[in-house]
Amino acid sequence: MMSDYKVETVNDGIQEFFVDFHGPSESNPIRYLVSCLIVDITGLYQGGVWRVRVELPDAYPYKSPSIGFVNKIYHPNVDEMSGSVCLDVINQTWSPMFDLVNVFEVFLPQLLLYPNPSDPLNGEAAALMMRDRPAYEQKVKEYCKKYAKPEDIGASPEDESSEEELSEDEYDSSDEQVVGKPDP
């Protein structure tokens, strides 16, 4: 069912699992209306990879799955702290005709390409998107670069280095560098 996606089950069950989701790319800009302004959207999330937690209720497919981003994403309709997704088709208008392929090939890409700042879970992202589009786009790109690198998928948040930490190039404790130098 999810053969085109990397899927990792939790406790060898089928009701809870993680899916590695790649940000959608668009070769042509998409235009949509936001507060009476036409806005061009390109693949802002292109190149990012997010781990998405999926929980299937006992009544699935008659009840919608629970979907949430594990690694951080900056988007008006995704709660930054919990990763919860505000998407009507998943939360309110789910139909048993939908399946998980729809979620990952249609619903989530559309969510990222067509944000709805008038119904936000992340009020800061929504306000920034409406007030200062270039700053919003820059922040999206910063989050993608910092939190959605393909090589970081599966790393726990504690494994990610903070901005304050020094890289190996900046900090080397080898004795060769301190020989012959006075103590500070």
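The figures here come from the full heavy-atom set of this structure, side chains too, leaving out hydrogens, waters and symmetry mates.
- Closest non-hydrogen pair, Pro76 versus Pro117, comes out as CB-CA, 4.1 Å.
- Tyr147 and Leu121 fall into different hydrophobic clusters, where Ile, Leu, Val, Met, Phe, Trp and Tyr are joined by side-chain heavy atoms under 4.5 Å apart, directly or via other members.
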**Request:** Report the C-alpha distance between Val78 and Leu111 in whole Å, list the side-chain angles of each, state the deciding distance to 0.1 Å, and finish with yes or no for side-chain contact (heavy atoms from CB on, under 4.5 Å).
**Result:** CA-CA 9 Å; Val78 179; Leu111 176 75; 4.1 Å; yes

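- The two atoms that bring Val54 and Pro65 nearest to each other are CG1-CB, 4.3 Å, heavy atoms only.
- Ring pair Phe69/Phe21 is perpendicular by interplanar angle, where above 60° counts as perpendicular and below 30° as parallel.
- A side chain to side chain donor-acceptor pair (under 3.5 Å) with Tyr143 is found for exactly one of His75, Glu80, Lys72, namely Glu80.
- Using cut-offs of 30° and 60° for the angle between ring planes, the Trp94 and Tyr60 rings count as tilted.
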Pairs under 3.5 angstrom only: tabulate donor-acceptor contacts from the side chains of residues 125-132 to other protein residues two or more places apart or in another chain.
from: Asp132; atom 1: OD1; to: Ala135; atom 2: N; distance (Å): 3.3

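- Residue Leu112 holds its CG atom at 6.0 Å from OH of Tyr45, rounded to the nearest 0.5 Å.
- Looking only at distances, a side-chain donor or acceptor of Asn91 sits under 3.5 Å from a matching main-chain atom of Val85.
- With hydrogens and angles ignored, the 3.5 Å screen pairs a side-chain donor or acceptor of Asn71 with a backbone N or O of Val49.
- Residues Val106 and Phe98 fail the side-chain proximity criterion, which asks for heavy atoms closer than 4.5 Å.
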Q: Output, in order, the C-alpha distance, side-chain angles, deciding distance and verdict of side-chain contact (heavy atoms from CB on, under 4.5 Å) for Val10 and Phe18.
A: CA-CA 8 Å; Val10 175; Phe18 296 99; 3.5 Å; yes

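- Here the OG atom belonging to Ser82 is positioned 10.0 Å from the CG atom belonging to Asn122, to the nearest 0.5 angstrom.
- Distance CZ/Phe17 to NZ/Lys6: 14.5 Å, rounded to 0.5 Å.
- Relative ring orientation between Tyr5 and Phe104 is described as tilted, the plane-to-plane angle lying within the 30° to 60° band.
- Using a 4.0 Å cut-off between charged side-chain N and carboxylate O, Glu137 and Arg133 make a salt bridge.
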### Message
Does Phe107 form a side-chain contact (heavy atoms from CB on, under 4.5 Å) with Ile67? I'd like the steps, not just the answer.
### Response
CA-CA 11 Å; Phe107 304 152; Ile67 305 291; over 6 Å; no

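- Sequence neighbours left out, not one pair with a member in residues 104-116 passes salt bridge (charged side-chain N to carboxylate O under 4.0 Å, His left out).
- Across Lys149 and Lys146, no two heavy atoms sit closer than the pair CE-O, 4.1 Å.
- A donor-acceptor pair under 3.5 Å is absent between the side-chain atoms of Gln46 and the main chain of Gly23, judged by distance alone.
- Using a distance-only test at 3.5 Å, with no hydrogens or angles considered, a donor-acceptor pair links the side chain of Asn77 to the main chain of Asn116.
- Taken from CD in Glu124 to OH in Tyr74, the straight-line distance is 4.0 Å, to the nearest 0.5 Å.
- Considering only heavy atoms from C-beta on, Glu8 stays 4.5 Å or farther from Asp20 through its side chain.
- Under the 3.5 Å distance criterion, the side-chain polar atoms of Ser64 are matched with a main-chain donor or acceptor of Ile90.
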Check your understanding: Do Val89 and Asn102 pass the side-chain contact (heavy atoms from CB on, under 4.5 Å) test, and can you show the C-alpha distance, the side-chain angles, and the key distance before you say yes or no?
Key -> CA-CA 10 Å; Val89 73; Asn102 292 112; over 6 Å; no

